[in-house]
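This report refers to the structure that appears directly beneath it.
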Amino acid sequence: MIEVLRCGPFTSVQDLGRFGFRHLGVGQSGVMDPVATQQANLLLGNDLNAAVLELTVGPLQLAFHQDCTVVLTGVDFNTTISTGKASAALKTIIPGQAIALKAGMQITLQRSSIPGARAYVAVSGGIDVPVVLGSRSTDLATGFGGLHGRALQTGDALPIGRFFSPPAKIPFGIRPLAPSHVLRAMPGPDYDAFTAEAVQRFWMQPWGISHQSSRMGLRLNGQALTLQQPLSLLSAGVLPGDVQVPPDGLPIVLSNDAQTIGGYPRIASVIKADLWQLAHLPPLTSVYFQPVTHAVAAQARERQLRYLDRLKASLSGNE
Amino acid sequence: MYERCVCGQDWQSARGCYRLTVMNSDADSVAAEIRVTQLGEDALLFLFTPSAAQQPALPTQQKLWQLTYWLESQRDSLGLIEIVPGMGNLLLRASRKTLLNTLRDLVLTHWPQLPEKDVPGRLLEIPVTYGGVNGPDLEAAAAQCGISKERFISLHSRTVYRVYCLGFQPGFAYLGGLDPALELPRLSTPRLSVPAGSVAIAGSQTAVYPTNSPGGWHIIGHTETRMFDPQSEHPSLLLTGDSVRFVILEEAL
């Protein structure tokens, strides 16, 4: 069991997401950075879909009441490890390395080295909350899944799943991917409804990340995008990655907690292989969109999956 | 008999826009035009209703429900991850291995073969307390429609609505069939919090809010009926194609 001794807002239990229920209005939830999550789970010998903790704001202080191996991925959160005794010296741990903890030890994630970028805490066996509608992810808007359907609070107790194979004993760590701030995207259903100038602006302009961004969507600031004429659309299914343009002309990249149906024009969709970046784009930085074809998108996705396969093979010593 | 015309660039292009025109068999007249666009690399959006329409015609939506049932029955063999009907449209999200061109052709070939008949949905009755503290907008809504509260309640509760689609929140059913006399635009300032169980109207639709959330619809009543239970094997009370009637429990006038 892991005891939450101290906790900032927005830390939640997530796995790779909830799929197959969008027709009932149930969103995807899940980690915003599936690459970092799978890196961590591979290092631990976990199922790729094992649940982890996602952090946006620190601090997070955890006390381990059983022996356990931990991996941090995503952004560096200035993390220290202690034996739990007040006099003991603190040791710093960096992302991407498997750390064996004895019962009674504590880790403290202070604050993100890049405020607004996210970190993940994975444990051997995974966070063992009940599976609801096929997933352990927390649906924060509706309040189910995860731990009691909400963000973590001080005093919470997190169950750890049973663990069978020992984590890989490796002398090296995994370097977290650094976001390029370029989101490759394919034109969306309403691409042709925008003015030529707006389309050009969409691809050429640096888009500032708004403070109002959340797990629901990345809100962007820049010169507004205009339609050729007002467009009234019937409600239709939307997916994470879709770039919606509400009447104010400022795009929103829908993310994991976005609702399932929307009625705003969609100028583009960010390709799957680049969606993990949404977890690490802090306010006041900017992003660009780059147009790509279906073939490029599919290739990028294949490459990402091959990377994880290779990582798995090298960890199990098969390569 | 179809005539296919590719609009814009080629289907394989990033634009991914495709138009299918279904012609009447006897004449040159166009019976329907379906637009298909790609959404990212793994999803297709089929638009069965002309974009200018305020809401889809019921027969089109009924055909859409049938298509949905048909696709549901082969969800795994087709490699479909999400099958999401909307208002006169359908979103399909497929697994990485599914060929979108094959999926698109399958749907476009099957669409004209679907019979123009209703689906066997259920009829559910939802008891409602109209007005009062839990229906704060009833009075203003009735006034805006130029009818009495009693008349408003009677018109709202005598209609059999259909679940066109679900979305917005888990278990939130868009109910079509609202009496035209009750049509109102959304509130100019949405509420930051609408309580769960609120019965509301907006445009040509009515709905029940399953969970507390922000919302811009006119709240005219309240139900104790639980609309969504994630722990249940059937988490949503209402499903696409169901019929719904609101039963007057009390008029808290």
Side-chain angles (χ1 to χ4, degrees), chain A residues 18-28 130 132-133 139 141-145 149 184-193 231-243 259-263 266 268-273 275 291-302 305, chain B residues 7-8 11-17 35-43 45 47 49 51-56 68 72 75 80-93 96 100 164-174 210-213 228-231 235-236 238-240:
Chain A
R18 188 170 277 114
F19 296 92
F21 294 98
R22 290 188 90 81
H23 62 292
L24 300 182
V26 179
Q28 183 174 306
V132 182
L133 298 176
D139 187 315
T142 310
F144 68 90
R184 287 170 289 182
M186 293 167 62
D190 310 302
Y191 188 78
D192 294 329
L231 193 63
S232 142
L233 294 170
L234 291 167
S235 296
V238 296
L239 291 172
D242 288 359
V243 186
Q259 60 189 61
T260 55
I261 275 192
R266 277 173 277 183
S269 290
V270 175
I271 70 170
K272 267 228 158 63
L275 283 178
V292 293
T293 60
H294 178 95
V296 170
Q299 213 175 41
R301 177 109 180 99
E302 281 303 319
L305 293 167
Chain B
C7 103
W11 164 255
Q12 283 295 340
S13 75
R15 195 71 63 92
C17 184
R35 217 180 132 228
V36 191
T37 59
Q38 202 172 324
L39 202 59
E41 70 258 38
D42 61 351
L45 180 66
L47 301 160
T49 302
S51 48
Q54 287 301 302
Q55 66 167 331
T68 306
E72 281 284 358
R75 185 185 263 266
L80 295 172
I81 295 171
E82 305 283 358
I83 303 167
V84 190
M87 300 298 271
N89 52 54
L90 178 69
L91 170 72
L92 298 180
R93 184 188 211 175
R96 194 166 49 90
L100 291 186
Y164 272 55
C165 59
L166 290 104
F168 175 55
Q169 289 176 351
F172 186 102
Y174 290 88
T211 33
N212 298 334
S213 79
F228 184 77
D229 177 5
Q231 306 298 339
S236 180
L238 302 179
L239 296 174
T240 299

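Chain letters run A, B, ... following the sequence lines, proteins first and then strands; every chain starts at 1.
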Check each atom of [X] against the heavy atoms of chain B and say whether the ones under 4.5 Å are side chain, backbone, both or neither.
| X | result |
| --- | --- |
| V296(A) | neither |
| V132(A) | side chain |
| A273(A) | backbone |

With heavy-atom distances below 4.5 Å as the criterion, would you say the side chains of [X] and [Y] are in contact?
| X | Y | answer |
| --- | --- | --- |
| L234(A) | P56(B) | yes |
| T37(B) | R266(A) | no |
| H23(A) | T240(B) | no |

Check whether [X] gets within reach of chain A through its side chain, its backbone, both or neither, counting any heavy atom under 4.5 Å.
| X | value |
| --- | --- |
| L166(B) | both |
| Y174(B) | side chain |
| L90(B) | neither |
| I81(B) | both |
| E41(B) | both |

Determine which pairs satisfy salt bridge (Lys or Arg N to Asp or Glu O under 4.0 Å) with at least one residue from residues 291-302 of chain A, sequence neighbours left out, and list them in order. E302(A)-R96(B)

Could you go through Q259(A) and F172(B), starting from their C-alpha distance and side-chain angles, then the distance that decides it, and tell me whether this counts as side chain to side chain contact (heavy atoms under 4.5 Å, CB included)? CA-CA 11 Å; Q259(A) 60 189 61; F172(B) 186 102; over 6 Å; no

Between P235(B) and L133(A), which heavy-atom pair has the shortest distance, and what is it? CG-CD2, 3.7 Å

Check V26(A) against P170(B) and note the closest heavy-atom contact, atom names and distance. CG2-CB, 3.8 Å

